[in-house]
Amino acid sequence: MSVVAHAQPVAQSTDWVELVNPLIGTDSKPSLSNGNTYPAIALPWGMNFWMPQTGKMGDGWAYTYAADKIRGFKQTHQPSPWMNDYGQFSIMPMTGKLRINEDERASWYSHKAEIVKPYYYSVYLADHNVTTEIAPTERAASFRFTFPKTDSSFVVVDAFDKGSYVKILPNERKIMGYTTRNSGGVPANFKNYFVIYFDRPFATSQTWREKTLSNALESESTHAGAAIRFKTSKGEQILVRVASSFISYEQAELNLKEIGSDTFDAVKGKAKLAWNKELSRIQVEGGSLGQMQTFYSCLYRSLLFPRKFYELDASQKVVHYSPYNGKVLPGYMFTDTGFWDTFRSLFPFLNLMYPSLNAQTQEGLANAYKEGGWLPEWASPGLRNTMIGSNSASVIADAYLKGGRGYDINALYEAVLKNSEKEGPMDAVGRRGATYYNELGYVPYDVKINENAARTLEYAYDDFAIYQLAKALKRPQSEIDRFAKRSQNYKNLFDPKTGLMRGKNKNGSFQSPFNPFKWGDAFTEGNSWHYTWSVFHDVQGLIGLMGGPQKFVTKLDSVFTMPPVYDETYYGSVIHEIREMQIANMGQYAHGNQPIQHMIYLYNYAGEPWKAQYWLREVMDRLYLPTPDGYCGDEDNGQTSAWYVFTAMGFYPVCPATDQYVMGAPLFKKVTANLENGKQIVINAPANSEQNRYINTLRMNGKPYGRNWLSHRELMQGAVLDVDMSATPNQQRGIKPADFPYSFSTAEAK
C-alpha cells in the first residue's frame, strides 16, 4: 500500500497544512541524524514553540521518535539539539499521587494515540489517563487537558534548573514565574517570564524547590516549580492559557492577548489558517502523496527560523529584549539561525517568497550589530561560538541586491567591512585568521587555526558578496577592487597535482601529508572532495584550474562513483555527518551536510545539465522521505528543507548575491508560486513522471529558452515556464557557454 501511495498522483490540495508531518526527522540520535528535528507546534517564525518532551531536562534531544515516555510539554526556543535550548519550562498534567520528579511523573504514550500538526498537538498519557492538547499563537498557547474522574488531578509547572522562580495566585487562578536555563549567548540579566491562567479554581496549591514540596505559594531556587490540584469528573476538560516574554511579566500579559477570549478550538483554527496562508504561497500539483507530504513538510521547516525575537508593547510598537546587551530596545530582532548553513538556500528562499519578512530580519541584523558590535554568524539567542566563515555578508548582500529596503544598509555594510578586517571576540565571530588571509590570500594550515582551508574558501565567496554589495552602494572604486581581488583567493588553495583544494602552509607549501578523504582538519565537517566545489561565485574559474569542462565533469562524476571511504582521525571518532555519507550509497556525496549541497548544480556550468537533472532527482527520491527518518542528516533550521523546496520547483540559488538561480528540473507536473508582489511563477511540466526527469525543451513566457539559469528579476515580474520532460536527456540543450550561469571570471572578462 505504501508503494502505491507513493506512486499515485494526488489531486491538488487546498488544505496544505494537512500534508505536513512535523515528525519527519525526529527518529534521530547523536550518532546518526535523520534530521535531528522535533515537532514544533508553532506559528510561522513564532517567538515561542511548544513540543512534547521525551528527553531529560537539558537534553538537546528533547523529543525522539523512539522514546516511550513523555515528561512534560515544553516551551522551547531550541534551533537544534547541538545548540540546545533557552527560555524553557514545561507543563505536565497527571493523576494519582503527585510526583514532581520528571522521571517519576513521565507517562507512557504511543504514536498511535498522538496527533501532530504544526497548528495542533494531541496525545494520550496512558499512565495518567489524560489527553493533552496544544494550539499555539506566536507568543502564547492554549492547552486543553481531558481528565478522568478523580479528586487527584494535577498540573505540574516545572521552571527547570539553573535558576528559576514560581508564584501561585489562587484568587486569579494564575501561576507566574521565570526560567533562566540557557545554553549560552545571553546577557547576565536574561530571563524568560511566563504567566499561566486556568479556567477554574484550584483545590490545592503547592510549590517546590529541587525535590522538596511546600505549601508556600512562592518559590525561588536553583530548580523551582508549582503543582496545583483539581477534582475532576470523567471527561472534564481544564483549559489553560500560557504566554511568556523575554522583557517582563507585564509584557507576558500583553502577549497573552494573542489568545484573548478565544476558545481552544478558535486558537487551533486561527493557527491552521496562519499555516495555510503561508504554505499556499507555493502550490504544487501532480506528484505522489509521498512527494506532496515531503514538499510541504520541508516548506513547514523552511518557515520556522529565523525566529521572531521581538514583542509588541502596549501601544503595539515593535520592541525586543536584546540578547546582545540585555536592554529593552525598539525595533525588530530575529534569532536561532546559523548563517554557515542558511546563507545557501534558506535566506535566498525568503528573499524570493517572503521578502517583507526578510527585510525585517535585516533590520534585526542591523540592531544586533548596533547592540553587540558584531554581526551574529550563529545567533541563539545572542552570539554563539560555533561554525566558521563570515557568511552574514552573503545574507546581507543577497537581501539588498534582490530589493530589500527599509532598514539601515549602511550600518550593515559597516558591519561586513569590520568583519573583513578583524577577528571577533570569539572564533565564530568576525574572521578568525583575518590578518593572514588579507596579507597572504589564505589562512595558513600551520598557524594553529583550525579548518583553515574552509575558512579561506568561505571568506573568498563572502568577499565576492561584499564586492557585489559595494558596487550596488556605489562605494569607492578602490574598495570595490579590493574585494574583487580577494574573491579570487580560492585559487591559492587549488592543488594542480590532485585537482582538489588543499591546506597551505604559511611559507606557501601545501600541507603534507594530504588525504583528500580526511574529514575536518583543514575543512569543516567535510573533506576536500566536499569543499573543493565551494567556489559559488566563480565556477568557470574553478573549471579553468581543473583543466577544462571535461575534466571538471569527470571530477563531478567521480564524487558519486568513489566508495564512501573516510578518515576520521581529526575528530577521534566517526562523527554523525561521516556516518550519514557512508550509509547513503551515493559515494562521497554527503548531502546530509551543507558544503556539498550545491555541487550537483555545477554540471550546468560545464555544458552537461542533464547530469544535474538526473542526480537531483536521485537525491530527492532517495534522501528525502515523509517519515520519521526522512532526512539524511541535520535539517539545520530550514537549509536542508529549503534545498528540497527549491529543487522540487526546478531551480536553486547556487550563488547568493547574484541575480541567478541555476536550473535543475521540476519534480511536479505543476508549480504555482504566488509572489508577494501579486505576480506568479507558474511551472508547467505535464509529462513529468518517475521516468521523465530530463528537460527536453523549455519555453519561458511562450518563447524558447535555452539557458541553464533563471533571472530573479525576471521571475519577480511573473513568469510561465513550460517544460517538456523526457525519459532521455537532451544533450544539445544548455551546452553553449552563453547558456551557462554567472561566473566572476567570465563576467569580468566581458
Side-chain angles (χ1 to χ4, degrees), residues 17-18 20-23 26 38-42 49-55 62-65 67-76 89-100 102-137 140-158 173 175 196-203 226-242 259 262-272 628:
V17 72
E18 296 305 324
V20 175
N21 178 7
L23 294 179
T26 60
Y38 57 87
I41 315 306
F49 295 177
W50 287 87
M51 65 181 296
Q53 180 192 342
T54 63
Y63 178 97
T64 51
Y65 190 81
D68 300 314
K69 293 183 177 182
I70 288 175
R71 289 180 163 85
F73 300 93
K74 184 169 84 154
Q75 180 184 277
T76 179
F89 61 94
S90 73
I91 300 173
M92 181 68 172
M94 60 180 301
T95 57
K97 181 185 176 184
L98 175 60
R99 286 147 287 175
I100 56 174
E102 64 174 355
D103 294 331
E104 295 172 1
R105 71 181 185 234
S107 171
W108 281 80
Y109 82 107
S110 167
H111 296 299
K112 300 178 184 68
E114 182 185 40
I115 301 170
V116 191
K117 307 288 183 183
Y119 63 90
Y120 172 70
Y121 181 84
S122 174
V123 70
Y124 176 67
L125 300 174
D127 288 315
H128 303 307
N129 193 20
V130 174
T131 296
T132 294
E133 299 170 273
I134 310 171
T137 71
S142 184
F143 280 74
R144 183 162 63 190
F145 301 122
T146 303
F147 283 100
K149 177 178 172 57
T150 176
D151 61 359
S152 300
S153 290
F154 294 94
V155 175
V156 173
V157 175
D158 189 339
R173 300 181 301 202
I175 299 174
I196 306 171
Y197 285 88
F198 296 78
D199 70 342
R200 66 201 57 206
F202 311 150
I228 53 173
R229 182 174 64 87
F230 303 93
K231 297 179 180 179
T232 55
S233 56
K234 183 179 180 181
E236 185 169 353
Q237 294 183 329
I238 293 178
L239 300 177
V240 183
R241 296 175 300 135
V242 55
I259 296 176
D262 283 351
T263 64
F264 179 89
D265 289 328
V267 175
K268 174 183 172 184
K270 287 180 177 180
K272 182 174 182 178

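All residue numbers in this chain count up from 1 along the given sequence. Predicted, not measured: the structure shown is a model, and the values here were computed from it.
Checked against a 6.0 Å centroid threshold, the rings of His111 and Tyr65 count as neighbours.
Note that NZ of Lys69 and OG1 of Thr54 are 12.0 Å apart. Values are rounded to the nearest 0.5 Å. The CZ atom of Phe264 sits 10.0 Å away from the CD1 atom of Ile259 when rounded to the nearest 0.5 Å. Lys272 NZ to Asp265 CG: the interatomic distance, rounded to the nearest 0.5 Å, is 11.5 Å. Atom CE of Met94 is separated from atom NE2 of His128 by 4.5 Å, given to the nearest 0.5 angstrom. Atom OG1 in Thr132 sits 4.5 Å away from atom CG in Leu125 (nearest 0.5 Å). Atoms NZ and CZ, from Lys268 and Arg144 in turn, are 7.0 Å apart once rounded to the nearest 0.5 Å.
Seen from the ring of Tyr197, Arg241 counts as a face-on cation partner, given the 6.0 Å and 45° thresholds.
A donor-acceptor contact shorter than 3.5 Å links the side chain of Arg99 to the backbone of Lys97. Looking only at distances, a side-chain donor or acceptor of Thr263 sits under 3.5 Å from a matching main-chain atom of Ala266. Side-chain atoms of Asp199 come within 3.5 Å of backbone N or O of Leu239 as a donor-acceptor pair. Looking only at distances, no side-chain donor or acceptor of Ser122 sits under 3.5 Å from a matching main-chain atom of Glu133. When atom types are taken as modelled, the side chain of Asp158 and the backbone of Ser90 share no donor-acceptor pair closer than 3.5 angstrom. At distances below 3.5 Å, at least one donor-acceptor pair connects side-chain atoms of Arg105 with backbone N or O atoms of Arg71.
You'll find the side chain of Glu114 reaches within 4.5 Å of the side chain of Tyr121, heavy atoms only. Looking only at side-chain heavy atoms (C-beta outward), Ile228 and Arg173 stay at 4.5 Å or farther from each other. Under the 4.5 Å side-chain criterion, counting only non-hydrogen atoms from C-beta, Leu98 is in contact with Val156. At least one side-chain heavy atom of Arg200 sits under 4.5 Å from a side-chain heavy atom of Ile238. With contacts defined as side-chain heavy-atom distances shorter than 4.5 Å, the pair Phe89/Val242 qualifies.
The two residues Ser107 and Asp127 have their closest heavy-atom pair at OG-N, 3.0 Å. Shortest non-hydrogen contact noted between Thr232 and Ser153 is OG1-OG, 2.7 Å. Contact record, Phe73 with Pro52: CD2-CA, 3.9 Å, taken as the closest heavy-atom pair. In plain terms, the two heavy atoms of Pro39 and Met51 that are nearest each other are O-CB, 3.8 Å. When all heavy atoms are compared, the tightest approach of Ile134 to Ala141 is CG2-CB, 4.4 Å. Pairing each heavy atom of Pro136 with each of Ala271, the nearest pair is O-CB, 3.6 Å.
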Please report, to 0.1 Å, the donor-acceptor pairs under 3.5 Å made by any side chain of residues 145-152, with sequence neighbours excluded.
unit_1	atom_1	unit_2	atom_2	d
Thr146	OG1	Gln237	NE2	3.3
Thr150	OG1	Ser152	N	2.9

| Passes side chain to side chain contact (heavy atoms under 4.5 Å, CB included), Phe198 versus Ile175? Steps please. | CA-CA 9 Å; Phe198 296 78; Ile175 299 174; 3.9 Å; yes
| Thr64 and Tyr38: CA distance, side-chain angles, deciding distance, side chain to side chain contact (heavy atoms under 4.5 Å, CB included) verdict | CA-CA 7 Å; Thr64 51; Tyr38 57 87; over 6 Å; no
| message | If you apply the rule side chain to side chain contact (heavy atoms under 4.5 Å, CB included), what do you find for Ile196 with Val157, and how did you get there? | response | CA-CA 9 Å; Ile196 306 171; Val157 175; 3.8 Å; yes
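In this view, Arg229 and Thr204 satisfy the side-chain hydrogen bond (donor to acceptor under 3.5 Å, both in side chains) rule, not counting sequence neighbours.
The aromatic rings of Trp50 and Phe143 lie perpendicular to each other, with more than 60° between the two planes, well past the 30° mark.
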